[in-house]
Amino acid sequence: LARSLAENVLCYAALSIFTIFSLAPIVWTFLTSLKTPVEAFSMPPVWIFAPHWENYLNVWSLHDFAKAYMNTVLISLGATALTLCISILSAYSFARFKFWGSGTFSFWLLLTRMLPEMLFIVPLYVLYQSLHLYDTLWGMVIIYQIYGVPFSTWILKSFIQDIPKEIEESGLVDGLSSFGVLRRITLPLAATGLAATAALAFISVWIDLLFALSFTFTDAKMVSVAIASFKGYAAPQWPLMAAGSILAILPQAVFFIFVQKYIVRGLTFGALKA
Amino acid sequence: LGDQLVTKRLVPYILLIPAIIVFAVLTFQPIIYGTYISLNKWNWREGGFNSIKFIGLQNYSATLGDIEFWNDLVHTFYFAAGAVAIEFFLGFGMAILLSQQIRGGAFFRSIFIFPLMISDIVASLMWKVMYDPTLGIINYMLSLLYLPTPAWLSDPLTVIPSIIFIDCWWQTGNITLILLAGLLSMPKTPFEAAVVDGASKLQTFRYVTVPIMKPVIIVALIFRTIDCLRVFAIVFGTSFGGPAHMSEVMQLFIYLVGIGRFLEMGHSAAIAILFSLIIVAIVLVYRRMGVRI
């Protein structure tokens with residue numbers, strides 16, 4: 001279908017405006033992260049300045065930012081690994097078997113995704129205090145399974161369903177057990193899906209604030225809480241705050257190219273494939 | 001042979017055991033225990049476990065009679081309705097433009113996705129700096145155009161719209177991506193038929209695109225509506241519910257009553273349960289609209 005020149009111009013104009021809108025806050029934050037305090041809040045804005053990369057070093061050595069960052073790396077990796085181990089099995093079960101109760105249980109997993117965090121946080125806070133899991137790395141790895149398992153189960157289920165059943169049946173004919181088929185045939189074929197699910201699960205832990213705020217204090221403090229503690233900062237501390245923000249989005253920037261192909265599955269719980 | 005058949009029927013259940021344990025301990029147990037807590041007067045500060053005292057449904061009646069609860073419910077729905085409406089129209093527009101197979105479409109798509117990858121707390125701090133009434137870039141640019149320069153986050157009138165705007169920046173790409181996936185997977189035949197029948201572009205959109213897209217639209221709206229109702233970090237990072245509770249939302253309210261400030265465990269559990277019932281009701285309404293999700 002041919003488009004007129006005017007239509008083309010309008011189309012690109014709208015897309016360009018939205019592109020600027022999407023990028024401007026990130027660019028502005030990056031610029032702020034390289035400025036001196038005075039440059040950061042001088043209006044009209046300073047566009048040409050000597051970049052102060054030491055802001056990044058300064059925020060890294062600020063209070064326990066570095067510790068919170070490393071904690072978050074460990075907790076995100078640990079929680080993702082545990083989520084995958086559990087979800088591979090449940091996703092395979094939902095994707096390949098018809099059994100009594102499967103519909104009900106998978107709906108419960110979906111409903112969990114919809115429930116507000118605070119419903120779980122208040123009772124688990126009491127439990128965590130009494131079990132001494134409060135403010136521990138293990139406690140955080142466990143807590144993120146609440147949303148991690150339903151999310152990864154549904155996404156992985158959609159990836160496993162993409163694999164033709166006939167390939168697995170040939171494995172059964174060759175004498176493999178159900179678990180053998182899963183390990184030798186299904187998982188290698190779903191490797192990309194597994195990696196995508198892992199990346200999405202990792203990011204969902206990395207960006208969480210509410211659980212981190214509720215269940216950590218000092219020992220297991222996470223980067224989102226460290227970032228949130230910047231919110232009272234006055235204008236002279238904006239460059240530090242901006243540098244911290246940029247550091248906090250580094251993992252997503254690294255995963256971005258790979259993840260963007262699968263993000264629609266993540267957003268729709270595997271209901272839609274892009 | 002009989003034994004083998006029984007084992008085979010057990011396989012799906014065996015695979016589910018770890019997930020069932022997680023669900024039982026981390027989802028089901030807190031809901032049951034939280035319901036029990038909600039029936040008690042329990043201030044954690046007054047001696048931890050020993051200060052729990054059964055009071056029946058008093059926490060619920062107190063919550064339903066609390067003007068703050070209703071105010072915060074209104075703020076939450078105001079935020080969600082505003083954010084979902086704007087994100088939907090903007091996102092649908094962008095999805096339609098991107099579905100035209102234009103040059104550079106993949107580039108634009110990547111850019112629109114990027115804000116989705118950023119955490120809400122980082123997004124809120126980025127915007128808080130730009131919203132600053134005297135030193136922020138937004139008011140500077142408005143002053144160049146001789147437009148009014150409100151105190152965005154500390155003015156009761158502008159605070160929720162300002163937060164809605166942050167959410168639109170953050171999540172419009174979400175709707176764009178879902179609807180784009182739907183648009184690109186539509187069958188060709190109905191459109192060819194529409195062309196043959198001489199339908200205008202607008203008619204084609206109204207009578208062909210929208211009906212075909214309905215299930216996808218509902219999926220996008222379900223997830224976005226629920227996530228907007230659960231809003232926490234954007235408010236926490238910008239206005240913190242202020243000024244004078246004018247932008248306090250439900251999850252922030254529950255957090256502050258509970259572990260965030262007052263440590264009233266029973267009261268906050270009761271509010272959390274009431275709020276969860278509202279969310280479940282909305283999920284069921286969407287489900288009734290005919291989408292199997």
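Please read all numbers here as calculations on a predicted model, not as lab measurements. Order of the sequence lines fixes the chain letters, A, B, ..., with proteins taken first and strands second; residue numbering starts at 1 for each chain.
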So which part of B:F28 gets closer than 4.5 Å to some heavy atom of chain A, the side chain, the backbone, both or neither? neither

If one checks every heavy atom of A:L267 against chain B at 4.5 Å, the contacting part turns out to be both

Interchain contact, B:V283 with chain A, by part (heavy-atom threshold 4.5 Å): side chain

Atom group of B:Q100 that falls short of 4.5 Å from chain A, counting heavy atoms: both

When heavy-atom pairs shorter than 4.5 Å are enumerated against chain A, which of B:I102, B:I37, B:I31 gives the highest number? B:I102

Can you name the residues of residues 202-209 of chain A that have some heavy atom under 4.5 Å away from a heavy atom in chain B? A:I203, A:I207, A:L209

Segment of A:I142 engaging chain B (4.5 angstrom heavy-atom cut-off): both

Less than 4.5 Å apart, any side-chain heavy atom of B:I137 and any of A:P45? yes

Looking at A:L210, A:L115, A:I246, A:I227, which has the largest count of heavy-atom pairs under 4.5 Å with chain B? A:L210

Look at the side chain of A:Q252 and the backbone N and O of B:M117, then say whether any donor-acceptor pair between them is shorter than 3.5 Å. yes

Looking at A:S214 and B:Y255, what are the two nearest heavy atoms and their distance? OG-CE1, 4.0 Å

B:F23, part contacting chain A, at a heavy-atom distance under 4.5 Å: side chain

Is the shortest heavy-atom distance from the side chain of B:D227 to the side chain of A:R113 under 4.5 Å? yes

Atom CH2 of A:W238 and atom CG of B:L125: how far apart are they, to the nearest 0.5 Å? 11.5 Å

What part of A:Y233 is in contact with chain B, defined as an atom under 4.5 angstrom from a non-hydrogen atom: side chain, backbone, both or neither? neither

Can we call the ring centroids of A:F21 and B:F165 under 6.0 Å apart? yes

Are the side chains of B:S268 and A:M118 in contact, using a 4.5 Å heavy-atom criterion? no

May I ask you to decide if the ring planes of B:F112 and A:F18 are parallel, tilted or perpendicular, using 30° and 60° as cut-offs? perpendicular

Under 6.0 Å from the ring centre and within 45 degrees of the ring axis: does the NZ or CZ of B:R103 meet both conditions for the six-membered ring of A:Y12? no

A:E117, part contacting chain B, at a heavy-atom distance under 4.5 Å: both

